[in-house]
> 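Right, I'll just put the structure down here and ask away after.
Values in this document were obtained by computation on a predicted structure and should not be read as measured data. Letters A, B, ... are given to chains in the order of the sequence lines, protein chains preceding strands, and every chain is numbered from 1.
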Protein chains: 2
Amino acid sequence: MAQSLPKDQSTEQRILHAAKTVFYRKGLGGARMEEIAREAGINKALLHYYFRNKEQLFERIFLEAFEQLLPQMTAILAQDLPLEQKVQQISDFYNEMLLETPLLPVFVLNYVQSDPEALTKRMISVNASKLMSHLTEQLAQETKAGRIRDVAPQQLIINLLALCVFPYAMKPIVTRLFHMSEDDFRGFSESRKQVVPEVIMAYLKP
Amino acid sequence: MAQSLPKDQSTEQRILHAAKTVFYRKGLGGARMEEIAREAGINKALLHYYFRNKEQLFERIFLEAFEQLLPQMTAILAQDLPLEQKVQQISDFYNEMLLETPLLPVFVLNYVQSDPEALTKRMISVNASKLMSHLTEQLAQETKAGRIRDVAPQQLIINLLALCVFPYAMKPIVTRLFHMSEDDFRGFSESRKQVVPEVIMAYLKP
DNA sequence: GTCTATAATTTGATAGAC
DNA sequence: GTCTATCAAATTATAGAC
């Protein structure tokens, strides 16, 4: 615990940061403990001293990543706000977060796809029942008031998530396809903040 | 299971099919040659007899997968058709193809993300210049004619691809989130064929 | 073409000194 | 807490018989 460096990160913190870097890029199967250790500036033995094994270290990284993906959207949707504001908040949140962590979506999706029990064994219940009923009710009200047309809540959620997340999942392809520099992509990301709500609200327009 | 069937697939075909199954699910790093051999009903030695090493086998699978992702859309967009029909064709194509091969998107995206040179070293030029100029012109015409509003071609392409592909990239999460059976998901996929063009055309509406 | 057996590496994990 | 050295298991790849 007693770390000599006052302002520097603790060894555990550096390990977690290194693990994130390597796991995000290579996945569980492709990542090497050796590489994580090197990235953290230590050796394998010390890595195993902090985290008994690879699985345990991965678990830590994966859960934190997953938490940033779905729950954030459900949290915003659960608020008591006009629909349009929710959509804007979600768009802002994802586009800002994923500009900083563009590897996160594919990292999560890849592991979920590779391990059929990735979600079940962690009781990631994705407690959507309450959320869905809340959203369904809000949509019904807005529809009744004639402010939006009648659409399925599931389709809305999927569309919203797709428009927010997918551009980052394909970042390497997007940048190559459109000959974007890192700066270009930042501008693109910024523009998505407006485009996503535009698309969603146009879709909802009566 | 002796494979003495005359019209049955050749050994090479069965290997490729097995490799697809395993690579799609586990990725390059997570896949085991042993598992591919078992899936193909042969042993490792014979696997190496047909494909010298893992990389070479993977290359074959990856390139075929990538070809199904982007080029199909560009091919449809390059046709001489009204915009709305193109969008519908693209929606139909992806939703039908990905219902059968839902693991494909994450497989491709994961490898592209894991290897920074995945695209460059294969001169996957993604020759979009010609496509982009063609699409840009069509959008300009439709805009001038007052049939659609003025939107950036890049945003349109990304939106279209996101709406088509992302639901399958998140299939495990979607099914869990909405408590869908395989049959439910088939219905969901079918409904996407209409939803995607609805969203896109609403976005384009003046 | 297909197999068994085995070589050659890689890699996750541990032992033990400091 | 951190390191060096090393083990044990897993995994890719090859040799050689049939």
> From D:dT12, D:dA13, C:dC3, pick the nucleotide closest to the side chain of B:Asn43?
C:dC3
> Among D:dC3, C:dT2, D:dA13, which nucleotide has an atom closest to any side-chain atom of B:Leu46?
C:dT2
> To the nearest Å, how far apart are A:Ile36 CD1 and C:dT11 P?
12 Å
> Without hydrogens or angle criteria, can the side chains of B:Tyr168 and B:Ser189 be said to hold a donor-acceptor pair below 3.5 Å?
yes
> Can you confirm whether more than 12 heavy atoms, excluding those of A:Glu84, are under 6.0 Å from its CD atom?
no
> Rounded to whole Å, how long is the line connecting atom CZ of B:Arg38 with atom P of C:dT2?
19 Å
> Please give, in whole Å, the distance from C:dG1 C1' to B:Leu47 CG?
14 Å
> Measure the distance from CD1 on A:Ile42 to P on D:dT4 and round it to the nearest whole Å.
12 Å
> Using whole Å, report how far CD of B:Glu35 lies from P of D:dT12.
10 Å
> Output the distance between atom CD (A:Gln68) and atom CG (A:Leu70), rounded to the nearest 0.5 Å.
12.0 Å
> Can you tell me the distance, in whole Å, between the CD atom of A:Glu34 and the P atom of D:dC3?
12 Å
> Pick one: which of B:Tyr24, B:Phe107, B:Phe66, B:Phe51 meets ring-ring contact (aromatic ring centres under 6.0 Å, His included) with B:Phe58?
B:Phe107
> Among D:dT12, D:dG1, C:dA13, which nucleotide has an atom closest to any side-chain atom of A:Tyr50?
D:dG1
> Does B:Tyr49 reach a base, just sugar-phosphate, or nothing at all? Heavy atoms under 4.0 Å.
base
> Please check the phosphate of C:dT10 (OP1 and OP2 only) for any side-chain N or O of A:Arg32 closer than 4.0 Å.
no
> Let's see if you can work this out: which of D:dT2, C:dT4, D:dA13 has an atom nearest to the side-chain heavy atoms of A:Thr11?
D:dT2
> Can you measure A:Arg14 atom CZ to D:dG1 atom P for me and round it to whole angstrom units?
13 Å
> OP1 or OP2 of D:dT14 versus the side-chain N and O atoms of B:His48: is any pair under 4.0 Å?
no
> Contact class for A:Ala37 vs. all strands (heavy atom < 4.0 Å): base, sugar-phosphate, or nothing?
nothing
> Is B:Glu198 paired with A:Arg149 through a side-chain N to carboxylate O contact shorter than 4.0 Å?
yes
> Can you tell me the distance, in whole Å, between the CZ atom of B:Phe51 and the P atom of C:dT2?
13 Å
> From the options D:dT14, D:dT12, D:dG1, select the nucleotide whose nearest atom is closest to the side chain of B:Lys44.
D:dT12
